[in-house]
Protein chains: 2
Amino acid sequence: MPVTIYDVARESGFSMATVSRVINGSSKVKPATRKKILETIERLGYRPNAVARGLASKKTTTIGVVIPDISSSFFAEVVRGIEDIANMYNYNIILSNSDKNLEKELNLINTLLEKQVDGLLFMGGEVTEQHVDIFQSSTVPVVLAATKDPKNIFPSVDIDHFQAAKDAVMAFIEAGHRKIAFISGQLTDPLTGYARFQGYKKALDEANIPFDERYVKIGNYHYESGMEAMRYFLSLDVKPTAVFAVSDEMAVGAIHEIQDQGLNVPNDIEVRGFDNTPISSMVRPLLSTVSIPQYDIGAVAMRFLTKHINEEPIENQFVILQHQLIERKSTKQSS
Amino acid sequence: MPVTIYDVARESGFSMATVSRVINGSSKVKPATRKKILETIERLGYRPNAVARGLASKKTTTIGVVIPDISSSFFAEVVRGIEDIANMYNYNIILSNSDKNLEKELNLINTLLEKQVDGLLFMGGEVTEQHVDIFQSSTVPVVLAATKDPKNIFPSVDIDHFQAAKDAVMAFIEAGHRKIAFISGQLTDPLTGYARFQGYKKALDEANIPFDERYVKIGNYHYESGMEAMRYFLSLDVKPTAVFAVSDEMAVGAIHEIQDQGLNVPNDIEVRGFDNTPISSMVRPLLSTVSIPQYDIGAVAMRFLTKHINEEPIENQFVILQHQLIERKSTKQSS
DNA sequence: CTGTTAGCGCTTTCAA
DNA sequence: TTGAAAGCGCTAACAG
């Protein structure tokens, strides 16, 4: 039978209210009585029950995080950012993996809301009508991280996927390439798939390079699918001279396929990835990529959420973090 | 003002107790009344308050997980295993990063216990007296994952680090190597550091190869420190012909350092890593390594915890999962 | 500065 | 099969 605040009150000779005050460090308590109460807390080994506190105060100091897959190094880094800031503000996070499965997402959100989290951080593929509905049924704030909803209803923290992809392709164009292959994500995915694809097309368009669908292959962000895509590109009559993949893993897969066929990166074909995950610095040649501030996306989103929770004034509901082209060794230095 | 069980009771014309029964699917409720109550729950958009339930039932269906660093791909995979099984048993997890910092660990454990988690999963470097103390103050079960306590007080799920390292080194010895370098973890770390080091020494010992401290370098498990260690080994008069690193990242760093100096892996120097993290399949040459069932460690630990929570009979309190030598391309096939 | 007293929303005997 | 009522452990007015 664990010791309760009532026991502490009885043993110390003060009331529950006063004990509560010293626990919460709130308002004025005479130093002498604080000391006494602290002593009996120590003596009894009292540990406040956060569930009871949550019920009484309507605050749980925990926030819900739904994420596609924590074993993806991209999201793991985002979560690290979330957790660090959460910790700083004295929140804990309940983490749950959705695998981008709609039903699972909806269930998880519901469960988290039932658990009375003080706020919700959502990462996922798409934000559908159903997401919107359930988010709107929430009495606590919801912030989208590394995604956004099509109607801009909810605050979000993300990068400009369209521009990032366009910049990457433009760098190739400026280096003189005309035959630029694109290893894409699913086009049904509005942000990481479709928006980046549009960026690719736009860059070509502005350079008057006709779009050639043979230079586009859909991948699943993983290494193998990068190899496969590259295998296909290399089977073409007119091979591309540059390849842009929307994930580092796929880019590395592409590089290895190129190398396995006896060609050289970057001399025969240049390759650029996306995300700047740790692997890009652990391969040869070092991978040129588009750096996405994963940690910051998480950190900013969490900070953002605390502001909403505390109803602090918020200037901009939709923050776009900056991406950056990282030139390493899988592209020729254009200097 | 959110709708409560009381509202549902009033609207449906039944008592709170009966509403509670249909929510929990427990005991007998007449189908007709169940139907009516379900309807009014739907109509009112009632969402049960898990905090109140937790207070009343003394169960929160959430478990606490403390982990060194979620952005490490090793732990990310372990957590995926934990979460999947947790999910299966209808638990949520509160995840917190400790960075192996003792004070932080103790604080986190305390917070989780205050939050009335139904169980605790601990991963960390070392399990000290202080850990033992706080774990013993817990009224809920504690399971150690990917670690164990020196006195075998708490149930744990891990691999045999000593044997795994020994096996890796023995494979080199059987392939004819005598000059085997070792990129170690901190020796103050009892499991991943010290135990593996002992395994290395034991293998040499059994083969009557004298231990040479110049062939041992302490790393921090990361890529750069693998390169550094290798740079040092290559500066030796008598260079090693094989290198065993206790993490894949360090092994890959070593390979790249070797390659950068114009030598070939595996022809000039063979390299073997540890963990079988995804990167080992994404480098050239493909990395030979010791496979650790990370996902399973998490999954088994979580399953283990549910058994403790439900007070199911448990045969063995200390489960050792099997490691496995994976032969890829950074070692010569010994067949 | 401290105490009294209602709840918070739900589960759980115990009766009916 | 259903209901009444007593808490679960704590916070938050409100008094004093």
Side-chain angles (χ1 to χ4, degrees), chain A residues 1-38 40-41 44-62 90 110-111 113-118 139-140, chain B residues 1-38 40-41 44-62 90 110-111 113-118 139-140:
Chain A
M1 195 83 290
V3 4
T4 74
I5 199 175
Y6 175 79
D7 300 320
V8 177
R10 185 172 31 69
E11 287 289 314
S12 65
F14 292 93
S15 70
M16 283 165 53
T18 303
V19 175
S20 175
R21 287 186 188 102
V22 345
I23 292 168
N24 295 296
S26 66
S27 54
K28 267 73 264 286
V29 176
K30 202 203 297 177
T33 96
R34 167 188 304 282
K35 184 152 169 289
K36 263 186 213 158
I37 290 177
L38 252 18
T40 96
I41 285 178
L44 268 43
Y46 169 65
R47 184 145 47 201
N49 180 327
V51 172
R53 172 184 299 173
L55 183 59
S57 69
K58 300 182 170 310
K59 288 194 211 88
T60 55
T61 63
T62 108
N90 258 298
N110 218 34
T111 303
L113 258 18
E114 286 185 3
K115 295 212 169 173
Q116 310 300 117
V117 293
D118 291 339
T139 56
V140 296
Chain B
M1 197 84 283
V3 5
T4 74
I5 198 175
Y6 176 78
D7 301 317
V8 177
R10 185 171 31 71
E11 287 291 312
S12 65
F14 292 93
S15 70
M16 285 166 51
T18 303
V19 176
S20 174
R21 287 185 187 105
V22 344
I23 293 168
N24 295 296
S26 66
S27 54
K28 265 74 263 285
V29 177
K30 203 202 297 178
T33 97
R34 166 186 307 282
K35 184 153 169 289
K36 262 187 215 159
I37 290 177
L38 253 17
T40 96
I41 284 178
L44 269 42
Y46 169 66
R47 184 145 48 202
N49 180 327
V51 172
R53 173 184 298 173
L55 183 58
S57 69
K58 301 184 170 311
K59 289 194 208 86
T60 55
T61 64
T62 108
N90 259 297
N110 218 33
T111 303
L113 258 17
E114 286 186 0
K115 295 213 170 175
Q116 312 299 120
V117 293
D118 291 341
T139 56
V140 296

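Remember, predicted model here, so these are calculated numbers, not experimental data. A note on names: the letters A, B, ... follow the listed sequences, proteins ahead of strands, and every chain is numbered from 1.
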**OP:** For the side chain of A:Asn49, starting at C-beta, report the closest nucleotide among D:dG9, C:dG9, D:dT11.
**Re:** D:dG9

Subject >> Degree of bending in the helix from C:dC1-D:dG16 to C:dA16-D:dT1 once both end axes are built from five pairs, to 10° >> reply: 30°

Original post:
Are A:Arg53 and A:Pro48 close enough that some pair of their side-chain heavy atoms sits under 4.5 Å apart?
Top reply: yes

Original post:
Does any residue of residues 28-37 of chain B have a heavy atom under 4.0 Å from DNA chain D, and if so, which ones, in number order?
Top reply: B:Lys28, B:Val29, B:Lys30, B:Thr33

Original post:
With A:Lys59, which residues qualify under salt bridge (Lys or Arg N to Asp or Glu O under 4.0 Å), at least two apart?
Top reply: none

Original post:
Under 4.0 angstrom, heavy atoms only, what part of the nucleic acid is B:Ser20 near: base, sugar-phosphate, or nothing?
Top reply: base

**OP:** Grab the two heavy atoms, one from A:Gly54 and one from B:Val51, that are nearest each other, plus how far apart they are.
**Re:** C-CG1, 4.0 Å

Original post:
From B:Ile41 CD1 over to B:Glu11 CD, what is the distance, rounded to the nearest 0.5 angstrom?
Top reply: 12.5 Å

Subject >> Phosphate contact (C:dC10 OP1 or OP2) by B:Tyr46 side-chain N/O below 4.0 Å >> reply: yes

**OP:** Go through B:Asn90 and A:Thr111 one step at a time and tell me if the side chain to side chain contact (heavy atoms under 4.5 Å, CB included) criterion holds.
**Re:** CA-CA 10 Å; B:Asn90 259 297; A:Thr111 303; over 6 Å; no

Original post:
Judged by modelled atom types alone, do A:Thr60 and B:Lys115 share a side-chain donor-acceptor pair under 3.5 Å?
Top reply: no

Original post:
Could you give all pairs that pass the side chain to side chain donor-acceptor pair (under 3.5 Å) test and reach residues 13-22 of chain A, with sequence neighbours left out?
Top reply: A:Ser15-A:Thr18, A:Ser20-A:Asn24

**OP:** Rounded to the nearest angstrom, tell me the gap between atom CD in A:Gln116 and atom C1' in D:dC10.
**Re:** 16 Å

Subject >> Spacing between B:Ile23 atom CD1 and C:dT12 atom C1', to the nearest angstrom >> reply: 14 Å

With 3.5 Å as the limit, what N/O pairs link the protein to nucleotides 3-7 of chain D?
unit_1	atom_1	unit_2	atom_2	d
D:dG3	OP2	B:Ser15	N	2.9
D:dG3	OP2	B:Ser15	OG	3.1
D:dG3	OP2	B:Thr18	OG1	2.7
D:dG3	N7	B:Arg21	NH1	3.3
D:dG3	O6	B:Arg21	NH2	2.5

Subject >> Partner residues of B:Lys30 under the side-chain contact (heavy atoms from CB on, under 4.5 Å) criterion, sequence neighbours left out >> reply: B:Ala32, B:Thr33

Original post:
Pick the nucleotide of DNA chain D nearest each of A:Val51 and A:Lys59; which residue has the one closer to the 5' end?
Top reply: A:Val51

**OP:** May I have the distance from A:Lys58 (atom NZ) to C:dG9 (atom P), rounded to whole angstrom?
**Re:** 4 Å

Original post:
Quick one: are B:Thr4 and B:Asn49 in side-chain contact, heavy atoms under 4.5 Å?
Top reply: no

**OP:** Using only side-chain N and O atoms of A:Asn24, determine if any of them is under 4.0 Å from OP1 or OP2 of D:dT11.
**Re:** yes

**OP:** Mind checking the OH-CD spacing from B:Tyr46 to A:Glu114? Nearest 0.5 Å is all I need.
**Re:** 8.5 Å

